[in-house]
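Only this structure's heavy atoms are used, side chains among them; waters, hydrogens and symmetry mates stay out. Chain naming here is simple, since letters A, B, ... match the order of the sequence lines and numbering starts at 1 in each.
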2 protein chains.
Amino acid sequence: MTTIADVARHAGVSVATVSHVMNHTRHVEPETAERVRAAITALRYSPNSVARSLRRGETKTIGLLLPDNSNPFFASVARQIEDAGFVSGYTVILCNSDGNAEKEERYLSVLMAKQIDGLIFAGSSDHARVFARLLPSVPAVLLDREIQSVNVDSVLVDHDHGGYLAGKYLVGLGHRTIGVIGGPRDSSSSPARLRGFVRALGEAGIELPPSSIVDSDYHFAGGRLAMEQLMAQAPDITAVFACNDLMAMGAITALRSHGSRVPDDISMVGFDDIPYAVTTWPPLTTIAQPVEKIGTRAVSLLLERLGEPEAPSRREVLAPVLIERESCAARR
Amino acid sequence: MTTIADVARHAGVSVATVSHVMNHTRHVEPETAERVRAAITALRYSPNSVARSLRRGETKTIGLLLPDNSNPFFASVARQIEDAGFVSGYTVILCNSDGNAEKEERYLSVLMAKQIDGLIFAGSSDHARVFARLLPSVPAVLLDREIQSVNVDSVLVDHDHGGYLAGKYLVGLGHRTIGVIGGPRDSSSSPARLRGFVRALGEAGIELPPSSIVDSDYHFAGGRLAMEQLMAQAPDITAVFACNDLMAMGAITALRSHGSRVPDDISMVGFDDIPYAVTTWPPLTTIAQPVEKIGTRAVSLLLERLGEPEAPSRREVLAPVLIERESCAARR
DNA sequence: GGGCCATGACGACGATTGCCGATGTCGCAC
DNA sequence: GTGCGACATCGGCAATCGTCGTCATGGCCC
């Protein structure tokens, strides 16, 4: 590997000069600078970032810790974050924790050792210990999660509002007896979605009996099972709100195998707007999470904090929007 | 940040000793070692990987350059690679190139500057220039791509064989007039899949007229359009082989809106076995790529090469397998 | 001679590691 | 029993990795 010293020798100057022409950090005689640049290209020199990082005390690297990159939602977020980081000269280290507290801790240690400049964290549940020990020592942005701490900003999605949107929409179509397929109780998102949904119904004077709510797990198969159960215990429903798209897709499958037609017999609203929401039949009406914004805002917050480490911590909440496709119809 | 010198001072030993107890790199009096360990935990010391990397000349980092992490196939591969790397102490830097040659080159430069120990590259097309300039200088593994070069291994999927499997299967079900929805001509995978498929048909004495082949783009909407076209120009087909699942899903949608039923009227075989292949109705019969193996084998090859840089380059080919679900039926 | 300009020399940054010195142990010869 | 050298054990010093910022220096002009 060629080093800055090689370049200096080749150009007949000192290493300091080479460094300065590369970084435009002090004036160098144009002629000299030209000679240096020539040497750089001649030797195909590229500065060693490791040495640079050691010297400068910054790595231009951000850690991205999320539950599972093979989950399309996180994959999209990761993609956005990587893109946004790259344009600002940052590189992303990807870590998958499966929401496992121990793994999160191990990854965090590695990332800290690697001297990341910042962290973007999408924990799957609240592991206070992890945060308390490690987070304060590096600027961080939490996704869909909050914590009282300096140095930590949050990007939140207004799940409550999303649920409200879904409720308003179904009520507006004339539905009165509505079923719900909920996500995991211990997630932070599902209860909020449910809350907003219930509120919308409440505003229309509609009450949601416990028998019209079935909890599930955010997965396709879980959604199918939940729908079976829902059909059994609340056979008169004309619409369903599934707390995510995957479960909505599973529910549609269950309905189809029972001969129910969507949206003719039952309307279906999902949540997330994953890319595959358009591949179902009928295409799924859903509440879209602003995936793109989540990623870009997270990076922006992080970079701003790097510029001003002592600024008070911020929380940014992003609004989901209703995407109307073909899985809902007015009540007959 | 606390450094090794702080620990040494705190334990009353030299930095060398601290280093040696951390790395078990020479015998240290148990008593002394214990004192050092105590100091380490007392000060919450964690060695600075950047300094270590500079000194050791290795970063325990591998670069992963792929077209698009939001594509579920690559997302899964990335996940597998990250997992496999982590257990061996490697960390992954994620880069999305969109298959854009210029981006690939920029990323490669950054990765080289960051002194990655190895590279896993899933290029979307052959950018010989990129490779020629940069690849030889770092151990690399190519995914689904080959190139004549030292230091470069490949993990390949036998697309030809996958296509063959699909053909054999449909022929075995009694189909004789079969349509094909192809992927991009300039990809390396689609033509190979097609080739294998045609061979299987040939062995059964079946010929594929040009009118039963429609090329598309590996996307859902493209698949739908292609199916429309296929129905128009080859109305008598009883089965379709789509060169990936997304197009198969689009094709099923097109068929449904024309009142054709899958598999009763038309059988459908996809390729890839993306997670969403089970969410269609009917669940999609498809040729599965060994996603998991691709990732783990890529990491293994890379690590083995790191251990033995001068070994002859290797190519590992992985066999796809037929996953029988419900989108195919015997010809009426 | 003071001030300015362009550049060079040099010491961190934090960890690893080859080399050397100090101390302790043991065996052997007298 | 004593003295001495060979050898093993343990720990410290200092060089090193490649880059960058600070201080120093030499030349030049007014």
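For the pair A:His20 NE2 and D:dT19 P, the computed distance is 14 Å after rounding to whole Å. The interatomic distance linking B:Met22 (CE) with C:dG14 (C1') rounds to 10 Å, in whole Å. Across the protein-nucleic acid pair, A:Glu29 atom CD and C:dC5 atom C1' stand 9 Å apart, rounded to whole Å. A:Asn48 places its CG atom 14 Å from the C1' atom of D:dT16, with the value rounded to the nearest Å. Look at CZ on A:Arg35: it is 12 Å from C1' on C:dA6, rounded to the nearest Å. The distance from atom CZ of A:Arg52 to atom C1' of D:dC17 is 16 Å, rounded to the nearest whole Å. B:His24 has its NE2 atom 13 Å from the P atom of C:dT16, to the nearest Å. One can place CZ of A:Arg26 at 8 Å from C1' of C:dG8, the figure rounded to the nearest angstrom.
Here the side chain of B:Asn23 is nearest to one of C:dT16, C:dG14, D:dG12, namely C:dT16. For A:Ser14, the listed nucleotide lying nearest its side chain is C:dA9; candidates were C:dC13, C:dT17, C:dA9. Across D:dT19, C:dG14, C:dT16, the shortest atom-to-atom separation from the side chain of A:Thr3 is found for D:dT19. Checked against D:dA15, C:dA6, D:dG12, the side chain of B:Arg55 finds its nearest nucleotide in D:dA15.
Contact annotation for B:Ser19: base contact, defined as any heavy-atom pair under 4.0 Å involving a base atom. Contacts of B:Thr25 with the nucleic acid, taken as non-hydrogen atoms under 4.0 Å apart, are absent. Using a 4.0 Å heavy-atom criterion, one finds that B:Thr32 contacts the sugar-phosphate atoms exclusively. Within 4.0 Å (heavy atoms only), A:Val28 reaches sugar-phosphate atoms of the nucleic acid but no base atom. Using a 4.0 Å heavy-atom criterion, one finds that B:Val13 contacts the sugar-phosphate atoms exclusively.
Between B:Arg37 and B:Glu34 there is a salt bridge, with a side-chain nitrogen of the basic residue lying less than 4.0 Å from a carboxylate oxygen of the acidic one. The residues A:Glu31 and A:Arg35 are annotated as not salt-bridged, no charged nitrogen and carboxylate oxygen being separated by less than 4.0 angstrom.
Once rounded to the nearest 0.5 Å, the distance linking CG of B:Asn96 with OG of B:Ser70 reads 7.5 Å.
The phosphate of C:dT7 has neither OP1 nor OP2 within less than 4.0 Å of any side-chain N or O from A:Thr17. For B:His27 and D:dC10, the shortest distance from a side-chain N or O to OP1 or OP2 is below 4.0 Å.
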request  = Go through the steps for B:Thr2 and B:His10 under the test side chain to side chain contact (heavy atoms under 4.5 Å, CB included), then give the verdict.
outcome  = CA-CA 11 Å; B:Thr2 104; B:His10 190 278; over 6 Å; no
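Looking only at side-chain heavy atoms (C-beta outward), B:Ser189 and B:Val157 stay at 4.5 Å or farther from each other.
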